[in-house]
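Small disclaimer: the values here were computed from a predicted structure and weren't measured. In what follows, chains carry the letters A, B, and so on, assigned in the order in which the sequence lines appear, proteins first and then strands, with residues in each chain numbered from 1.
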2 protein chains.
Amino acid sequence: MKTPKENMPDGQEPFFNYTLSIINGKWKLLIIYYLSKNGVVRYNELQRMLGKITYKTLSTTLKEMQNDGLIHRQEYPQIPPKVEYSLAEKGQTLWPIIQEMCQWGEHNQEK
Amino acid sequence: MKTPKENMPDGQEPFFNYTLSIINGKWKLLIIYYLSKNGVVRYNELQRMLGKITYKTLSTTLKEMQNDGLIHRQEYPQIPPKVEYSLAEKGQTLWPIIQEMCQWGEHNQEK
DNA sequence: CTGTATCCTAGCCGATACTG
DNA sequence: CAGTATCGGCTAGGATACAG
């Protein structure tokens, strides 16, 4: 999602746009959530945790998150291959936001 | 954006999905931000603040936010018509999240 | 096991014209 | 002034097949 920061008329520039662009997409917060709770997780484990995500979407999403500096990717050149993902520090600092969002959701979500 | 809460494998159900669905889209946080700062705002004012949003997108977005209970719509049956938008309480409670997101964005956004 | 490559689709969002 | 109607593009994300 492109955020419209380029045309703020009055010079104010709220920084949440960047945060939103980092967080957006259907899966990123969920991935951060699982990595937070489980530490180091392999590709297939992650796929199973997420439920219905396709391999293509998962790998695209992980690559984006890696480029954004949110997660680490550790590859072991074995046969069969093994790749582990974990939260980078930048990813960990998102935790307060996730907490707030969980709280808000819990208080406001209707059944 | 549909969030994948329907298939959480291990019974955990993070509530941020609901929050995310409330916040998503290109304009909602920005609208909340402006309503927070300016109180009661008319339709056209809002349009000017937001810069490049089209009337259609704006009115669709406002309607969604109204349905979600985030904002109030006050209509004055005059000629010419006048409609004022303001934050509802539910919308105001999002402010801590926005704050956190602004902070995080400010610390992490690269130039 | 860990991915890519193609193809496809739904839905967001914009442009433009029109209305009460 | 405050919208709606119509049209259409773009892109995130899914299905499926293939690859190292």
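Closest to the A:R42 side chain, of the nucleotides C:dC13, C:dC1, C:dA15, is C:dC1. In this structure, the nucleotide among C:dT2, D:dG13, D:dC1 sitting nearest to the side chain of A:T57 is D:dG13. Comparing C:dT4, D:dG14, C:dC13 against the side chain of A:K56 picks out D:dG14 as the nearest. Checked against D:dG3, C:dA15, C:dT2, the side chain of A:Y55 finds its nearest nucleotide in C:dT2. Of the candidate nucleotides D:dG3, D:dG14, C:dA15, D:dG14 has the atom lying nearest to any side-chain atom of A:I53.
In this entry the distance linking CG of B:L58 with C1' of D:dT4 reads 13 Å, nearest Å. Rounded to an integer number of Å, the gap from CG of B:L20 to P of D:dA12 is 15 Å. Between the CD atom of B:Q47 and the P atom of D:dC1 there is a distance of 11 Å, rounded to whole Å. Regarding B:Y43, its OH atom lies at a distance of 7 Å from the P atom of D:dT4, rounded to whole Å. The CG atom of A:N24 sits 8 Å away from the P atom of D:dA12 (whole-angstrom rounding). The NZ atom of A:K28 sits 8 Å away from the P atom of D:dG13 (whole-angstrom rounding). Here the P atom of nucleotide C:dG14 and the CG atom of B:L50 are 10 Å apart, to the nearest Å.
Donor-acceptor pairing under 3.5 Å is recorded for the side chains of B:N44 and B:Y55.
Note on B:S59: every side-chain N or O is 4.0 Å or more away from OP1 and OP2 of D:dG3.
Here A:L50 contributes atom CG and A:T61 contributes atom OG1; the two are 9.0 Å apart, rounded to the nearest 0.5 Å. Going from atom CG of A:L58 over to atom CE of A:M49 covers 11.5 Å, rounded to the nearest 0.5 Å.
For the segment residues 63-85 of chain B, residues with any heavy atom less than 4.0 angstrom from an atom of DNA chain D are, sorted by number, B:K63, B:R73, B:P80, B:P81, B:K82, B:V83, B:Y85.
With contacts defined as side-chain heavy-atom distances shorter than 4.5 Å, the pair A:K28/A:I23 does not qualify. B:Y85 is not listed as a side-chain neighbour of B:I31, based on a closest heavy-atom distance of 4.5 Å or more.
On a pure distance criterion of 3.5 Å, no polar donor-acceptor pair joins the side chain of A:K26 and the base of D:dG13.
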Show the atom names and distances, to 0.1 Å, of all donor-acceptor pairs under 3.5 Å that link a side chain in residues 86-101 of chain A to residues at least two apart or in another chain.
unit_1	atom_1	unit_2	atom_2	d
A:K90	NZ	A:Y18	OH	2.9
A:K90	NZ	A:D68	O	3.0
A:T93	OG1	A:K90	O	2.7
A:T93	OG1	B:W104	NE1	2.8

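Heavy-atom minimum distance, A:C102 versus B:F15: O-CB, 3.3 Å.
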